[in-house]
Amino acid sequence: QVQLVESGGGLVQVGGSLRLSCAASGSIGSINDMGWYRQAPGKQRELVASITSGGSTKYADSVKGRFTISRDNAKNTVYLQMNSLKPEDTAVYYCNADVRRRGSVFLYNYWGQGTQVTVSP
């Protein structure tokens, strides 16, 4: 019913920037919290940043001051602006959203397919 499609990943040098986007489509009534997670090989998936439907944001300590999460509710899209990238930011980044499907009172959690971000020295 609902799909999250990510884009914007790629290869950048240390200190560079990338902007990830994640667009939700399908039978959507409304979207509550949205977030970005990342997972490096052999490591646990971690929450990078989250944003509520009202625009309140939270960030992992490791990315505070460098990353900015935002959303465009009219486009059902969440963004992650990543600046001053470091090699330790290298990971697969996943979009996540809590979605109330059209006609439903329940929230459903969805994941994007993941997009690779590689930061080279």
Enquirer: List the steps, then state whether side chain to side chain contact (heavy atoms under 4.5 Å, CB included) holds for Q39 with Y94.
Expert: CA-CA 8 Å; Q39 186 169 26; Y94 297 91; 4.3 Å; yes
Enquirer: Identify all side-chain donor-acceptor contacts of residues 5-15 below 3.5 Å with residues at least two apart in sequence or on another chain.
Expert:
residue, atom, partner, partner atom, Å
E6, OE1, G114, N, 3.0
E6, OE1, T115, N, 3.1
E6, OE2, C95, N, 2.2
S7, OG, S21, OG, 2.7

Enquirer: Please check if any side-chain donor atom of Y93 sits under 3.5 Å from a side-chain acceptor atom of R38, or the reverse.
Expert: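 A pair is found: one side chain offers a donor N or O, the other an acceptor, under 3.5 Å apart.
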Enquirer: Calculate, to the nearest 0.5 Å, the distance between atoms CD and OG belonging to E46 and S62 respectively.
Expert: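 Separation between the atoms: 5.5 Å.
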Enquirer: Find out if a path of hydrophobic residues (ILVMFWY) with successive side-chain heavy-atom gaps under 4.5 Å connects I69 to F67.
Expert: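 In one cluster with I69: F67, yes.
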Enquirer: Between R19 and Q81, is there a donor-acceptor pair closer than 3.5 Å when you use the side chain of the first and the backbone of the second?
Expert: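 Looks like no, no N/O pair under 3.5 Å.
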Enquirer: Identify whether M82 and V92 are in the same connected component of the hydrophobic contact network (ILVMFWY, side-chain heavy atoms under 4.5 Å).
Expert: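 The answer is no; the residues belong to distinct hydrophobic clusters.
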Enquirer: Classify the ring geometry of Y110 against Y108: parallel below 30°, tilted from 30° to 60°, perpendicular beyond 60°.
Expert: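 It falls in the tilted class, 30° to 60°.
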Enquirer: Hey, are the side chains of K58 and T52 touching, using non-hydrogen atoms and a 4.5 Å cut-off?
Expert: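 With C-beta onward as the side chain, the pair stays apart.
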Enquirer: Compare every heavy atom of A24 with every heavy atom of L4, then report the nearest pair and how far apart it is.
Expert: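 In terms of heavy atoms, the two residues are closest at CD2-CB, 3.4 Å.
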Enquirer: Please step through side chain to side chain contact (heavy atoms under 4.5 Å, CB included) for the pair I31 and N73, ending with a clear verdict.
Expert: CA-CA 8 Å; I31 303 177; N73 291 329; over 6 Å; no
Enquirer: With a 4.5 Å limit on heavy-atom distance, are the side chains of L107 and V99 in contact?
Expert: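 Of all side-chain heavy-atom pairs linking V99 with L107, none is under 4.5 Å.
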Enquirer: Establish whether L20 and Y37 are linked, either directly or via other cluster members, by ILVMFWY side-chain heavy-atom contacts under 4.5 Å.
Expert: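 No: no chain of side-chain contacts under 4.5 Å links L20 to Y37.
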Enquirer: When you compare the side chain of C22 with that of W36, does any pair of heavy atoms fall below 4.5 Å?
Expert: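 Sidechains of C22 and W36: in contact.
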Enquirer: So which of N32, D33, N96 actually passes side chain to side chain donor-acceptor pair (under 3.5 Å) with N109?
Expert: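 The option that passes is N96.
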Enquirer: Is there a path of hydrophobic side-chain contacts, each under 4.5 Å between heavy atoms of I/L/V/M/F/W/Y residues, joining W111 to F106?
Expert: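 Not linked; separate clusters.
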Enquirer: Would you call Q113 and Q3 a side-chain contact if the rule is heavy atoms closer than 4.5 Å?
Expert: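 A side-chain contact under 4.5 Å is absent here.
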Enquirer: List the steps and the verdict of side chain to side chain contact (heavy atoms under 4.5 Å, CB included) for Y79 and R71.
Expert: CA-CA 6 Å; Y79 305 93; R71 63 192 289 170; 5.8 Å; no
Enquirer: Yes or no on side chain to side chain contact (heavy atoms under 4.5 Å, CB included) for M34 and T77, after CA distance, side-chain angles and deciding distance?
Expert: CA-CA 9 Å; M34 306 184 81; T77 300; over 6 Å; no
Enquirer: Whether K64 and D61 form a salt bridge (side-chain N of Lys/Arg under 4.0 Å from carboxylate O of Asp/Glu) is what I want to check.
Expert: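 Looking at D61 and K64, the cut-off is met.
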Enquirer: Any pair with a residue in residues 99-109 that passes salt bridge (charged side-chain N to carboxylate O under 4.0 Å, His left out), sequence neighbours left out, goes on the list, sorted by first then second residue, please.
Expert: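 Those involving residues 99-109 do not exist here.
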Enquirer: So, do T90 and V117 sit near enough that their side-chain heavy atoms are less than 4.5 Å apart?
Expert: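 In short, these two side chains do not touch, never coming nearer than 4.5 Å.
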Enquirer: Are V63 and L85 connected in the hydrophobic side-chain network, where two residues link if heavy atoms are under 4.5 Å apart?
Expert: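 As far as the 4.5 Å side-chain criterion goes, L85 and V63 are connected within one cluster.
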Enquirer: Among T68, I51, L47, V48, exactly one meets side chain to side chain contact (heavy atoms under 4.5 Å, CB included) together with Y59. Which residue is that?
Expert: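 Among T68, I51, L47, V48, the one meeting side chain to side chain contact (heavy atoms under 4.5 Å, CB included) with Y59 is T68.
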